[in-house]
Amino acid sequence: MPAKERKLTVARAMAEAMSQEMRIDERVFVMGEDVGPLGGVFGNTRGLFEEFGEERVRDTPISETAFMGAAVGAAADGMRPIVELMFVDFFGVCFDAIYNLMAKNTYFSGGHVNVPAVIMTSTGGGYSDGGQHSQCLYGTFAHLPGMKVVVPSNAFDAKGMMTAAIRDNSPVVYMFHKGLQGMGWLGTEAGATVNVPEEQYTVEIGKAATVSEGEDVTIVSLGMGVHHSLHAAAQLREQGVSAEVVDLRSLVPLDRDHIFNSVKKTGRLVVVDEDYRSYGVSGEIIASVVERDISILRYPPQRVAYPDIPIPFAHHMEQWALPNAEKIVAACLKAIQPDE
Amino acid sequence: MNPTLEQKQWMYRHMLVSRLFEETIEKIYLEGKTPVFNMANGPIPGEMHLSNGQEPCAVGVCAHLNKEDVVTATHRPHHQAIAKGVDLKKMASEIFGKETGLSGGRGGHMHLFDADVNFSCSGIVGQGLGPAVGAALSRKMQNKAGVAVSFFGEGAANQGAFHESLNLAAVWKLPVIFVIEDNAWGISVAKETATAVDRNAVRAAAYDMPGVYVPGNDPDAIFVAAGEAVSRARAGDGPSLLDIETYRLAGHFMGDAEAYRPEGEKEDLLSKDPILVYEKALLASGDLSESDNSDIKERAKREVDEAIEFARESPFSSPESALDHVFA
């Protein structure tokens, strides 16, 4: 057991994972916009430039097409680039290199060429940054085969999954939620800042975690949604309802067994997703249960997801649309009431 | 520096192999596709982009490259692959979609990967520039020998990827050579209706790198210009842009009726077939004897025949093996 507690923000945990791996693996380097002396707009490369210098911590021009393509070429040539796409919303200017090259070259080469790159990118809104700086787009990335997709919800997982991502021989898209980063100006969910071991460790990609055990209903979520779900579970407890919260942690591979086993126990499923509702993560989670055995469900699965609208700027409109604990509580109660 | 006799014969031979390979592929491609042309039929289904006429670009540049140098090529990749030394049997087999192909049939003719000679190509215009910059960055960071070459058409010079990649390569002073094969046509759209400058070479100035225009579709002239660019990259002096005038003797893809070409253009281009022109020049200058010539032709034919036979006789992978190699 850890001798002493040491709480880190997600941003610090990510930076620590990168720096520890860079010390033991010269192939690892970081590039992206403002990752150098600034330390990343979201703080996740702080200290790296000072320790490793401009060769291995490269500020790039605002040329995502070129540097994302360069990450593919460098990874195929034996390096292990970690490349930052500042906001996931920016993927539109460089997605070709991501989904047609990074994600497909291993397949197209019959396994002879690997692309061990990590793309780290920020997700999520809630702070009125408008509809081009607030999206999650989890489903967009997870939909396309050939890249692993992880979404840590706390600093422990953030460090362990970053280390695992860097060591993975497949490309990994590492999506971190801005509201969990620990940047004061973004307003951070306190539950994301947790104890983090100083030594290196990995959190296996493709394994979900039950972060709160319960009997009556399973709430499946990821990223910021996990914290909303935990708050909801606490409120439900006061009402005598025992909710289990599953943190997906990885979207690709998806831990379908873990989800299924939890729902088998509770008989009820509520999926919480800050990404758009239709054609996305929430539908896939529900499908992964019902296509295996629909009889385990005692009530139709419920979704608390972002409506299918661009994200509005105005605070009251955005907050109205976002998932929150109250909506999750209501969905859980709806799923439970018929039996009572 | 001008090519030596040996280099001239190397270029000539590789152009011949490429041409013979494509002429053979062209015939086989049409098997099962007549009288009704259906792209899905025959032993080689799908799109087929032939590089007939553009061989000088590939050999003039690749004559300077070694196995460890990196090439990213295009959707029209056969001449580039052959000049880079991609295994011809495995390449033929991949084009047939066979188990013995470079990737067991998962890639096809637009997605040829040969890690042994650091060759790859891809199907979308302008895709290879960023990866070439990355490979060059990798060599520089690892202090490892080798330069990166990105081949692309004049159409790709209007992609954002072109401008971003040239800028990035220049900012980081990377050992990369950008090679434009200007065949004057983007499918059916003429270059002059799509490109604001007469010659893309001038665009190099915007990125503070040498930009050299090479007219004439002439292997020797391309060899000289490429030699300077490759030497500059090897010396650590940064990237260069080569803008090569070339000709596409076939359509954009097989099945292209080429109705967009002005009358007489095709005949004119065929009369300037760069391989015939080069053969004549080599014979006239004495760089190639008649007997050398027939030896080279025979060898090229044998090489191509063996590759095609290997592909024809190879088995298909099991359909379920389509599930393999999604991840490393």
Side-chain angles (χ1 to χ4, degrees), chain A residues 26-29 31 54-56 58-81 83 93-94 96-98 100-117 144-148 168-172 205-206 252-253, chain B residues 70 72 90 94 99 101-108 110-116 118 120-124 126-142 144 146 148 150 159-169 171-172 174 176 317 321-322 324-328:
Chain A
E26 288 198 341
R27 300 170 300 173
V28 181
F29 71 104
M31 65 175 164
E54 62 184 11
E55 266 295 296
R56 293 182 72 194
R58 292 180 168 260
D59 270 336
T60 62
I62 305 168
S63 304
E64 287 88 352
T65 294
F67 72 72
M68 208 55 85
V72 174
D77 198 54
M79 297 296 281
R80 289 186 171 263
V83 52
V93 293
C94 59
D96 188 50
I98 297 171
N100 269 327
L101 298 177
M102 189 186 84
K104 292 187 174 81
N105 280 0
T106 296
Y107 190 78
F108 285 162
S109 69
H112 296 297
V113 173
N114 289 336
V115 190
L144 297 157
M147 41 191 172
K148 297 184 178 177
D168 204 297
N169 286 329
S170 295
V172 179
I205 294 173
V252 181
Chain B
V70 176
T72 64
K90 290 183 186 171
E94 183 63 28
E99 187 172 24
L102 289 165
S103 63
R106 290 172 191 81
M110 284 188 275
H111 307 286
L112 304 169
F113 287 76
D114 190 344
D116 290 343
N118 288 296
S120 66
C121 60
S122 59
I124 298 178
Q127 265 184 333
L129 286 92
V133 170
L137 173 64
S138 164
R139 297 308 168 94
K140 192 182 180 192
M141 288 184 75
Q142 297 184 78
K144 243 167 70 177
S150 176
Q159 283 275 23
F162 170 85
H163 298 275
E164 291 191 16
S165 298
L166 265 67
N167 181 63
L168 189 60
V171 166
W172 287 348
L174 298 176
V176 52
S317 316
S321 72
D324 300 339
H325 303 304
V326 176
F327 292 106

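Note that these values count all heavy atoms, side chains included, but never hydrogens, waters or copies made by symmetry. In what follows, chains are A, B, ... by sequence order, proteins preceding strands, each numbered from 1.
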| said: Restricting to non-hydrogen atoms, name the atom on B:Glu94 and the atom on B:Arg106 that form the minimum distance, rounded to 0.1 Å. | reply: OE2-N, 3.4 Å

| If every non-hydrogen atom of B:Asp324 is compared with every non-hydrogen atom of A:Tyr107, which pair is closest and at what distance? | O-CE1, 3.1 Å

| message | Tell me whether B:Ser138 contacts the main-chain N or O of B:Gly134 through its side chain, where contact means a donor paired with an acceptor under 3.5 Å. | response | no

| query | When only pairs under 4.5 Å are counted, which of B:Leu166, B:Leu112, B:Thr72, B:Leu137 shares the most heavy-atom pairs with chain A? | reply | B:Leu137

| note | Of B:Ala135, B:Ala161, B:Ala169, the largest count of non-hydrogen pairs under 4.5 angstrom with chain A goes to B:Ala135

Under a 4.5 Å heavy-atom cut-off, does chain B meet the side chain of [X], its backbone, both or neither?
X: A:Glu26; result: neither
X: A:Lys148; result: both
X: A:Arg56; result: both
X: A:Met68; result: neither
X: A:Val83; result: neither

| task | Could you tell me whether B:Asp114 and B:Lys90 have a side-chain N and a carboxylate O separated by less than 4.0 Å? | result | no

| task | With side-chain contact (heavy atoms from CB on, under 4.5 Å) as the test, would you mind laying out the steps for B:Val70 and A:Asp77 before giving the verdict? | result | CA-CA 9 Å; B:Val70 176; A:Asp77 198 54; 4.0 Å; yes

Greatest number of heavy atom pairs closer than 4.5 Å to chain B - which of [options]:
options: A:Ala75, A:Ala97, A:Pro145, A:Gly111; answer: A:Gly111
options: A:Asp168, A:Val115, A:Asn105, A:Asn169; answer: A:Asn105
options: A:Asn100, A:Asp96, A:Ile62; answer: A:Asp96

| request: Starting from the C-alpha separation in whole Å, work towards a yes-or-no answer on side-chain contact (heavy atoms from CB on, under 4.5 Å) for B:Met141 and A:Phe29. | output: CA-CA 10 Å; B:Met141 288 184 75; A:Phe29 71 104; 3.6 Å; yes

| message | Quick check: do A:Pro61 and B:Glu164 have side-chain heavy atoms less than 4.5 Å from each other? | response | no

| query | Does A:Asn114 reach the side chain of A:Ser170, with side-chain heavy atoms less than 4.5 Å apart? | reply | no

Checking heavy atoms, do the side chain of [X], its backbone, both or neither come under 4.5 Å from chain A?
X: B:Ser122; value: side chain
X: B:Asn167; value: side chain
X: B:Gln159; value: neither
X: B:Ala322; value: both
X: B:Ala132; value: neither

| task | Would you please classify the geometry between the B:Phe113 ring and the A:Phe108 ring as parallel, tilted or perpendicular, with 30° and 60° separating the classes? | result | tilted

| Do B:Ser317 and B:Glu99 have side-chain N/O donor and acceptor atoms under 3.5 Å apart? | no

